[in-house]
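Here's the structure, in structure tokens; my notes come after.
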Amino acid sequence: QVQLVESGGGLVQTGGSLRLSCAASGRTFSSYPMSWFRQAPGKEREFVATINWNGGRTAYADSVKGRFTISRDNAKNTMYLQMNSLKPEDTAVYYCAADRDGYSWPATSPAAMDYWGKGTLVTVSS
């Protein structure tokens with residue numbers, strides 16, 4: 001199994017930046033595509049970004065393109081999400097997730113993910 005722990009969330013003003021981290025343990029994640037999802041209060045969990053096993057391919061939701069950057073450091077078993085130009089609509093609990101199979105690309109459905117972190121809250125004040 002893989003355990004995932006997010007960190008880096010917090011309160012930020014509109015236009016500000018945050019960098020989220022997702023640390024993996026229990027088993028190497030170097031072969032897994034990794035993704036970020038988010039869930040706002042009362043809404044469904046939605047896709048944010050994904051990155052392939054070696055960081056050579058990325059994909060983003062239209063709502064975050066040009067503002068967010070996903071990256072990973074397999075030597076540290078860590079994935080990152082750099083969030084710039086934050087907006088109030090970015091307010092959500094952000095989850096990291098791993099796709100064990102990696103059969104399709106990009107995998108944007110929460111149902112395709114096999115491992116989840118507990119989430120970190122990002123609040124963007126208006």
Side-chain angles (χ1 to χ4, degrees):
Q1 292 186 326
V2 173
Q3 292 80 47
L4 305 173
V5 180
E6 305 93 337
S7 62
L11 176 64
V12 64
Q13 294 181 340
T14 297
S17 298
L18 284 173
R19 187 175 181 86
L20 306 183
S21 298
C22 174
S25 63
R27 190 176 182 88
T28 181
F29 84 152
S30 61
S31 63
Y32 299 160
M34 298 289 294
S35 302
W36 289 98
F37 291 79
R38 66 187 182 186
Q39 188 165 23
K43 299 185 66 177
E44 295 182 340
R45 191 166 299 186
E46 66 175 357
F47 170 77
V48 176
T50 189
I51 187 166
N52 79 327
W53 70 276
N54 67 355
R57 293 187 295 172
T58 59
Y60 298 89
D62 288 341
S63 59
V64 306
K65 286 181 180 177
R67 300 188 298 120
F68 291 10
T69 302
I70 188 171
S71 62
R72 68 191 297 166
D73 185 341
N74 287 347
K76 297 180 179 180
N77 279 352
T78 303
M79 178 181 64
Y80 306 95
L81 184 69
Q82 178 66 46
M83 305 185 296
N84 299 326
S85 301
L86 284 162
K87 305 174 181 179
E89 52 263 44
D90 295 318
T91 295
V93 176
Y94 283 71
Y95 299 90
C96 63
D99 179 4
R100 182 177 57 208
D101 185 86
Y103 185 75
S104 63
W105 176 265
T108 60
S109 172
M113 303 296 108
D114 298 293
Y115 304 102
W116 293 90
K118 294 182 178 180
T120 185
L121 177 62
V122 172
T123 302
V124 184
S125 63
S126 60

Is the shortest heavy-atom distance from the side chain of [X] to the side chain of [Y] under 4.5 Å?
X      : Y      : answer
Met113 : Phe37  : yes
Thr50  : Trp105 : yes
Arg38  : Glu46  : yes
Arg67  : Tyr60  : no
Ser17  : Val12  : no
Thr120 : Ser7   : no

If every non-hydrogen atom of [X] is compared with every non-hydrogen atom of [Y], which pair is closest and at what distance?
X      : Y      : result
Ala98  : Tyr32  : CB-CD1, 4.1 Å
Gly9   : Val122 : CA-CG2, 4.1 Å
Lys118 : Glu6   : N-OE1, 3.1 Å
Cys96  : Leu4   : SG-CB, 3.6 Å

**Asked** Do the ring planes of Tyr94 and Phe68 sit parallel (below 30°), tilted (30 to 60°) or perpendicular (above 60°)?
**Response** tilted

**Asked** Within the distance-only criterion (no hydrogens, no angle test), does the side chain of Thr14 pair as donor or acceptor with the backbone N or O of Ser125 below 3.5 angstrom?
**Response** yes

**Item:** Path from Trp36 to Tyr95 over hydrophobic side-chain contacts below 4.5 Å
**Value:** no

**Request:** Could you walk me through whether Lys87 and Asp90 pass the salt bridge (charged side-chain N to carboxylate O under 4.0 Å, His left out) test, one step at a time?
**Result:** CA-CA 5 Å; Lys87 305 174 181 179; Asp90 295 318; over 6 Å; no

**Message:** What verdict does the side chain to side chain contact (heavy atoms under 4.5 Å, CB included) test give for Asp99 and Asp114, after you've listed the backbone C-alpha separation in whole Å, the side-chain angles of each residue and the deciding distance to 0.1 Å?
**Reply:** CA-CA 5 Å; Asp99 179 4; Asp114 298 293; 3.7 Å; yes

**Request:** Check the pair Trp116 / Arg45 against side chain to side chain contact (heavy atoms under 4.5 Å, CB included), numbers first and verdict last.
**Result:** CA-CA 12 Å; Trp116 293 90; Arg45 191 166 299 186; 3.4 Å; yes

